[in-house]
Structure formats: structure tokens, C-alpha cells
Participant: 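What follows is a single structure, and I will ask about it in a moment.
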Amino acid sequence: MSESSVFEKLRVLAERGLDPYVSAYRFEVTARAEDIKVKYSSLAPGDETNDVVSVAGRIWHVRSHGGITFIDLYDETGRIQVVVRRDVVEGNPKMGFLMEVIDKGDIIGVRGRVIRTRRGEISVLAEDVELLAITWRPIPFHEFGVRDPEQRYRERYLDIMLNSKVRKAIVNLYRLEMEMRRILDSKGFIEVHTPKLQPIYGGALAKPFVTKVNALDRVVYLSIAPETYLKRLIVAGLYKVYEIAVCFRNEDIDATHYPEFVQLEAYQAFADWNDMMALTEELIAESVKSVYGDYEVEVDVEGSTKVLDFTRPWRRINLEDAIEDVLKTRVKGRSKEELLEIARSLGVEVRDPRRGKILEKLFEKLVVPSIVNPTFVTLFPRDISPLARPYRHDPGYAERFELYIAGLEIANGYSELNNPLLQYHFFKEEEELRRMAGLDVEAHPMDRDYVRALEYGMPPTGGVGIGLYRLIMVLSGLPSIKDVIPFTITTPEHVELVVENGYEMVRRYLGG
RNA sequence: GGGCCCGUAGCUCAGCCUGGUAGAGCGGCGGGCUUUUAACCCGUAGGUCCCGGGUUCGAAUCCCGGCGGGCCCGCCA
């Protein structure tokens with residue numbers, strides 16, 4: 001469809017009363033592509049049924065052979081072939097004309113009988129076709145879809161339309177979320193919404209977005225995490241709560257970070273980190289099984305196939321042992337200065353003054369890239385975990401774990417700190433850190449209301465946050481988090497529109 | 001914040017190093033074809049070489065600046 005001929009096409013359609021923007025307001029759909037293929041899978045080549053179905057979707061390819069035309073029609077489930085045969089539609093006066101004008105990219109509804117062609121393709125043998133909308137712009141229907149990365153992100157509807165990996169990621173994330181909701185619901189969790197506009201940001205260490213509530217003339221922050229609010233609900237006596245929360249963090253964008261992302265955060269009273277690791281295993285393993293049909297998932301990563309095994313129980317390693325395994329030298333008990341020296345010898349610069357941060361950096365550099373199957377990493381340093389409870393056997397550590405899959409951090413959880421005295425002390429430590437290190441280092445702000453809530457008494461509680469975009473990235477084999485987010489920010493551009501040249505046609509649709 | 005790379009037809013790209021009439025495939029358009037699968041066959045049109053400036057007899061090509069985009073490093077999940 002060339003741009004200049006769109007208006008000509010609409011003009012000739014209008015002459016016959018077939019302009020879809022005048023005549024087509026709805027179409028009764030009775031079947032979907034995938035359902036038809038499943039239902040009639042036993043049909044033999046050349047067989048024809050008398051079962052009439054109505055399907056609708058977009059035309060991807062047209063193969064016209066004169067007296068017979070094959071159309072690849074895509075609905076939300078996939079492809080179905082439509083066969084238009086001259087001898088079948090001869091008695092339908094509009095069909096000859098319609099077949100002349102419809103193009104790939106147009107959206108049509110088809111009513112016809114289900115058949116299997118001689119070559120074995122389950123198809124709808126059209127008796128009637130309705131043009132429901134046209135494409136005003138050419139659509140690149142070829143094997144690779146939109147390849148220019150700029151156009152992929154600017155016109156994401158094209159990428160989602162044409163790139164099945166991206167489309168499946170969006171659909172499968174929905175399915176995973178629904179399955180996780182089902183599991184949590186069966187355990188008595190309730191789903192809540194916590195504020196996205198917050199007077200004090202917290203629950204993570206990150207730069208916030210700053211905005212203003214006009215009604216109160218007050219500066220507020222977009223939520224970087226729902227954590228402190230969900231734990232206030234634990235104090236309030238809602239002992240099993242979760243939220244699938246959009247989080248906003250004003251940090252740089254790369255393959256695994258985006259300023260808005262979605263986490264499932266769950267908190268359970270009377271539970272500890274071991275319970276939360278078990279819950280994390282169940283939520284992810286069972287939802288993966290349900291959506292992908294198996295605990296083992298084959299993932300295509302840029303041409304080569306990798307297998308991720310979600311079979312429970314997952315491997316557990318502790319952070320310092322894992323570093324020592326690779327480094328072949330002791331890190332436990334070493335001073336900050338010694339650790340810094342080791343880091344420097346590996347080319348890892350650490351500006352953050354906390355000892356634990358050096359260990360975390362070493363871990364990320366030495367251990368994380370080699371992790372493939374789901375692995376819990378336990379016993380994080382206490383000084384970089386201000387909301388976690390100290391390890392019951394050694395207060396130098398926190399009862400905190402992270403989950404890694406395919407070299408990516410997917411989840412983070414701990415035995416929640418419920419002691420207001422320690423929480424206040426840790427917030428003070430963070431304030432001190434910020435004062436010393438300046439704005440370069442993220443520190444958790446003092447939140448006096450949160451400490452007050454703890455002063456009323458919070459039961460022992462376990463919590464976990466699961467990064468859903470990263471999870472679906474890993475499961476889909478997509479290399480960038482932007483690939484699984486339906487729409488991302490692009491710099492404004494001037495958009496040339498086809499319709500700018502057709503203003504005189506407006507009257508046709510509005511009268512007057 | 002630092003570094004590297006890319007921008008040519010609707011799409012995917014070649015041409016650039018070494019300056020000399022703008023190229024291919026796919027798609028589009030016209031024609032043919034009653035069992036195709038990115039159909040096939042014949043014919044045909046299509047370009048502000050991202051923008052601006054400079055060097056040159058001459059710039060898609062060399063130089064400078066800008067715009068847009070991607071990747072890597074640092075920081076955040």
C-alpha cells in the first residue's frame with residue numbers, strides 16, 4: 001500500500017459503500033485461529049467441513065493465483081489461512097471488487113467453512129469477507145519484523161505486532177502474574193496497593209523521582225519500593241500481604257535497568273528468610289511450570305538454545321563462600337583495607353565506604369556471571385542491608401538472600417528487621433554514611449514514621465521482592481529489559497502523518 | 001558521568017578506506033496464473049545518501065559542528 005494510493009482506495013471503497021470507517025462498526029467473531037487449528041487437527045488434506053466460522057484479524061501475506069487467493073490472517077492467537085476461491089464467492093457481488101482492493105496490513109473479518117487444503121493447511125474457505133479497517137502505512141511483514149532499534153522502540157506497536165518473542169513475553173508475564181496471584185491467594189495473602197506518591201522514599205537504595213502535589217503544595221517522591229508500607233500493614237495486623245508494584249528509580253538505563261519497573265513484593269508475618277526462600281521457589285517454579293508446561297524451560301538466546309531448570313529445591317550458596325571458591329583465597333574476617341586491595345587487583349573500584357559493598361562488588365564480578373539455574377545467595381553483609389534482621393548466629397551478617405538466574409539478580413528477600421531500636425540505629429548509620437560520602441552513595445533516608453510503626457510492635461516477618469521484568473527477560477531470552485516493557489521513553493521527534501494530506505476527506509465521515 | 005559504533009529507496013543492506021552520473025535483494029505498482037506457505041513468471045516506478053557548515057573543479061565518500069539511535073564501562077534491581 002503506497003501512501004498516495006490510500007486516498008484513492010478509500011474513494012473507490014466509498015463509491016461502493018464499503019469504506020470501513022463508514023460501514024464497519026463491529027464484526028461478530030466466533031472462532032480464533034489457534035482454537036480452529038486445535039479443533040480440526042484430525043482433518044485430512046483435501047477435507048472440507050460444513051462448519052461455518054467467523055474469524056477476524058490482520059492480513060500478513062496475500063498469495064494470489066488468479067482464481068484462488070491465499071491470505072495469511074493473524075489474530076491474537078496466531079495465524080490462520082483464508083482461502084478465497086472464485087467458484088465459491090462468485091455469487092457474492094462485492095467479493096470480486098474487495099479482492100481487488102484489500103492489501104496486506106488491512107484488517108478483515110472472514111466468514112466461511114473450515115477446510116484442510118490439499119497441501120495440508122487448515123484454512124477458512126471464505127464465503128464472505130468484510131473490510132474492517134485499512135492500513136494507511138506500509139507494514140514490514142517479513143521474517144525479522146522491525147530491525148532498526150530506533151524504530152522498534154519509537155513504534156513499539158509494530159515491534160509487538162511483528163516480533164513474536166516480544167509478544168509472547170508480554171502475554172507470558174501476564175500469565176505468570178496470574179499464576180502467582182492464584183498461589184498467593186490460596187495461601188491467604190491479600191493484594192494491596194501502597195502509595196506511589198510518598199513523602200519519604202525508602203525500601204531500597206536509589207535516587208527517586210521528585211514531583212509535587214499541587215493540592216498540598218508539597219514535594220513528594222515517586223515510590224522506589226513498596227516495602228516500608230507493606231510492613232506497616234503487617235504492623236496493622238494484615239499478616240500476609242503482597243503487591244505487584246510499579247517502582248520508580250531515577251537511575252541510568254541499561255540492558256537490565258529501567259527507571260520504572262514492576263516487582264512482586266510479599267510479606268508474611270511469623271515467617272523468616274527460609275520461609276521466604278521456599279515461597280519464592282514455589283511462586284516461580286510453579287508459575288513457570290504452569291505457563292511453560294515444565295520445570296525445565298528451553299530458552300533461545302540469540303540463536304542458541306539454553307535450558308533453565310527450575311526444579312526445586314534450588315541451589316543455595318553463601319556469598320563469602322562463593323567468592324572464596326573462585327578467588328581461592330580467604331575473604332572472611334578480612335579488613336576493609338585488605339578487601340579493597342583484592343578488589344583493586346581485579347580491576348574493581350569501590351567508592352562506597354562500607355565493607356559489605358566491597359564484598360558485594362567482588363561477588364557480582366566473580367560469581368554472578370557464571371550462575372545459570374536458579375540459585376539463592378545467602379548471608380549478605382549486615383552493613384548494606386539496613387532493613388534486614390541480623391543473622392541469628394552472627395550479627396555481622398544479615399538474614400538476607402538474593403535469587404540469581406542466568407546471571408541476573410531476580411529477587412531479594414530477608415527476615416525483616418522488626419526491632420525499632422536497631423532500625424533507628426541503622427537509619428542513623430545511613431544518615432552518617434550519606435553525610436560522609438556525599439550524594440555519590442545511595443543511603444536509606446531516616447523514616448521516623450516507619451520506626452514509630454515498629455515501636456507499636458511488628459511480629460517476626462519474612463519478605464521478598466521479585467523483579468518481574470527481569471524474570472520474563474530471562475525466560476524469553478530477550479537481551480534487554482526494554483524488550484519486555486511494552487512502551488519505553490524515546491526522545492520527542494517530528495512525526496510525519498499520512499493523514500495530513502487528506503483533510504478534505506473529513507467531511508465524508510462527519511457530514512456537513 | 002566516560003568510551004566505542006551507527007544513520008544511503010517503504011524494509012534489509014552494499015558503496016565510504018583510496019572523492020568522479022545512486023546500487024542490490026525484498027516490498028510497491030501493472031499484467032498473467034484455481035492449492036499456495038516470505039508462492040511463482042513477465043514488466044515497471046521509486047532517493048533531501050539524518051541536518052548544517054567547511055575543504056575541493058567536483059563530496060554519500062574527507063574535516064568540523066549538531067540531531068537521533070545502539071553498545072560497553074561507572075551507579076541503581
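Note on naming: letters A, B, ... go to the chains in the order of the sequence lines (proteins, then strands), and numbering restarts at 1 for each one. Quick caveat: nothing in here was measured; it's all calculated off a predicted structure.
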Participant: Rounded to the nearest angstrom, tell me the gap between atom CZ in R154(A) and atom C1' in G7(B).
Facilitator: 13 Å

Participant: Nearest of C75(B), G69(B), A39(B) to any side-chain atom of D72(A)?
Facilitator: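 The nucleotide sitting nearest to the side chain is A39(B).
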
Participant: Taking atom P in both C76(B) and A38(B), compute the distance separating them and give it to the nearest angstrom.
Facilitator: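 Rounded to whole Å, the distance is 48 Å.
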
Participant: To the nearest angstrom, how far is L162(A) atom CG from C11(B) atom C1'?
Facilitator: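 Rounded to whole Å, this separation is 11 Å.
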
Participant: Of S480(A) and E360(A), whose nearest nucleotide on RNA chain B comes first from the 5' end?
Facilitator: S480(A)

Participant: Using purine N1 to pyrimidine N3 plus N6-O4 or O6-N4 for Watson-Crick, or N1-O2 and O6-N3 for G-U wobble, both under 3.5 Å, which nucleotide pairs with C17(B)?
Facilitator: none

Participant: For a quick check of understanding: with a heavy-atom distance under 4.0 Å over all strands, which category does Y469(A) fall into, base, sugar-phosphate or nothing?
Facilitator: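 Since no nucleic acid heavy atom lies under 4.0 Å of Y469(A), the category is nothing.
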
Participant: Going by an N to O cut-off under 4.0 Å, is there a salt bridge joining D106(A) and K9(A)?
Facilitator: yes

Participant: Categorize S64(A) for me: base, sugar-phosphate, or nothing, with a 4.0 angstrom heavy-atom threshold over every strand shown.
Facilitator: base

Participant: Which whole-number value in Å describes the distance from K37(A) NZ to U37(B) C1'?
Facilitator: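 Checked: the NZ to C1' distance equals 11 Å.
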
Participant: Whole-Å distance between C76(B) P and R249(A) CZ?
Facilitator: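 These atoms are roughly 11 Å apart.
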
Participant: Look at the side chain of D254(A) and decide which nucleotide, out of U35(B), C76(B), U37(B), has an atom nearest to it.
Facilitator: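 That would be C76(B).
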
Participant: For a quick test of reading the model: is some side-chain N or O of K365(A) closer than 4.0 Å to OP1 or OP2 of C73(B)?
Facilitator: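 Checking K365(A) against C73(B): no side-chain N or O falls below 4.0 Å of OP1 or OP2.
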
Participant: Report the distance from atom CD of E364(A) to atom P of C73(B), rounded to the nearest whole Å.
Facilitator: 12 Å

Participant: For a quick check of understanding: with a heavy-atom distance under 4.0 Å over all strands, which category does E409(A) fall into, base, sugar-phosphate or nothing?
Facilitator: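 Since only primed, P, OP1 and OP2 atoms lie under 4.0 Å of E409(A), the category is sugar-phosphate.
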
Participant: With rounding to whole Å, what would you report as the distance between U44(B) and U48(B) at their C1' atoms?
Facilitator: 24 Å

Participant: From G74(B), C76(B), G10(B), pick the nucleotide closest to the side chain of H257(A)?
Facilitator: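 The answer is C76(B).
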
Participant: Rounded to whole angstrom, note down the P distance from G19(B) over to G3(B).
Facilitator: 30 Å

Participant: Which whole-number value in Å describes the distance from I253(A) CD1 to C73(B) C1'?
Facilitator: 16 Å

Participant: I want to verify a distance call: between G27(B), U34(B), C11(B), whose nearest atom is closest to the I68(A) side chain?
Facilitator: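 The answer is U34(B), which lies nearest to the side chain.
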
Participant: A22(B) and A9(B): how far apart are their C1' atoms, nearest whole angstrom?
Facilitator: 10 Å

Participant: What pairs meet the salt bridge (Lys or Arg N to Asp or Glu O under 4.0 Å) rule with one or both residues in residues 365-376 of chain A, with sequence neighbours excluded?
Facilitator: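 Of all non-adjacent pairs touching residues 365-376 of chain A, none passes salt bridge (Lys or Arg N to Asp or Glu O under 4.0 Å).
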
Participant: Can you tell me the base-pairing partner of G46(B)? Count Watson-Crick or G-U wobble geometry only, both distances below 3.5 Å, and say none if there is no partner.
Facilitator: none

Participant: May I ask you to verify if any side-chain N or O of K482(A) is less than 4.0 angstrom from the OP1 or OP2 atom of G70(B)?
Facilitator: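 For G70(B), OP1 or OP2 has a side-chain N or O of K482(A) closer than 4.0 Å.
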
Participant: If the C1' atom of G7(B) is compared with that of G15(B), how far apart are they to the nearest Å?
Facilitator: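 That atom pair is separated by 15 Å.
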
Participant: If we ignore angles and hydrogens, is there a donor and acceptor under 3.5 Å between the side chains of S415(A) and E399(A)?
Facilitator: yes

Participant: Between the side-chain atoms of R63(A) and the base atoms of U35(B), is any donor-acceptor pair under 3.5 Å?
Facilitator: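 No pair found.
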
Participant: When the ring planes of F209(A) and F248(A) are compared, do they come out parallel, tilted or perpendicular, using 30° and 60° as the limits?
Facilitator: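 Taking F248(A) first and then F209(A), their aromatic rings stand perpendicular (interplane angle over 60°).
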
Participant: Look at the side-chain N and O atoms of K361(A) and state whether any lies under 4.0 Å from the OP1 or OP2 oxygen of C76(B).
Facilitator: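 Answer is yes, contact under 4.0 Å.
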
Participant: Please list all pairs passing the salt bridge (Lys or Arg N to Asp or Glu O under 4.0 Å) test where one or both residues lie in residues 401-417 of chain A, with sequence neighbours left out.
Facilitator: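 Passing the test, one end in residues 401-417 of chain A: K231(A)-E416(A), R400(A)-E402(A).
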
Participant: Rounded to the nearest Å, what distance is computed from the NE2 atom of residue H61(A) to the P atom of nucleotide G28(B)?
Facilitator: 10 Å

Participant: Using the P atom as the point on both nucleotides, what is the distance between G69(B) and G30(B), in whole Å?
Facilitator: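 Going atom to atom, P in each nucleotide, I get 37 Å.
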
Participant: Verify, without hydrogens or angle tests, whether K168(A) (side chain) and S476(A) (backbone) share a donor-acceptor contact under 3.5 angstrom.
Facilitator: no

Participant: Of the nucleotides U35(B), C76(B), G68(B), which one has an atom closest to the side chain of R85(A)?
Facilitator: U35(B)

Participant: With heavy atoms under 4.0 Å as the rule, sort D87(A) into base, sugar-phosphate or nothing.
Facilitator: base

Participant: Could you give the OH-to-C1' distance, from Y153(A) to G68(B), as a whole number of Å?
Facilitator: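 Rounded to whole Å, this separation is 15 Å.
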
Participant: Base, sugar-phosphate alone, or nothing: which one does R79(A) contact when heavy atoms must sit under 4.0 Å apart?
Facilitator: base

Participant: Toward the 5' end of RNA chain B, which comes first, E100(A) or F261(A), by nearest nucleotide?
Facilitator: E100(A)

Participant: If we take the P atom in both G10(B) and G54(B), what is their distance in whole Å?
Facilitator: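 28 Å, rounded to whole Å.
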
Participant: D252(A) has a side chain; which of G69(B), U37(B), C75(B) sits nearest to it?
Facilitator: C75(B)

Participant: Does the structure show a Watson-Crick or G-U wobble partner for C67(B), both distances under 3.5 Å? Name it, or say none.
Facilitator: G7(B)

Participant: Which part of the nucleic acid, if any, lies within contact of L205(A), taking any heavy atom under 4.0 Å across all strands shown: a base, the sugar-phosphate backbone alone, or nothing?
Facilitator: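 L205(A): backbone/sugar contact only, no base atoms under 4.0 Å.
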
Participant: With C1' as the reference atom in both, quote the distance from U21(B) to C6(B) in angstrom, rounded to an integer.
Facilitator: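 It works out to 28 Å between them.
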
Participant: Distance alone, cut at 3.5 Å: any donor-acceptor contact between the side chains of D51(A) and Y40(A)?
Facilitator: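 Yes - a donor-acceptor pair under 3.5 Å links their side chains.
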
Participant: Among U37(B), U35(B), C29(B), which nucleotide sits nearest the side chain of H65(A)?
Facilitator: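 My answer, after comparing the listed nucleotides, is U35(B).
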
Participant: Just call it for Q151(A): base, sugar-phosphate, or nothing, with non-hydrogen atoms closer than 4.0 Å on any strand.
Facilitator: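 No contact at all - Q151(A) keeps every heavy atom at 4.0 Å or more from the nucleic acid.
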
Participant: Among R113(A), R118(A), R116(A), which one satisfies salt bridge (charged side-chain N to carboxylate O under 4.0 Å, His left out) with E48(A)?
Facilitator: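 Option passing the salt bridge (charged side-chain N to carboxylate O under 4.0 Å, His left out) with E48(A): R113(A).
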
Participant: The side chain of T490(A) is closest to which nucleotide in this list: G74(B), G69(B), C11(B)?
Facilitator: G69(B)

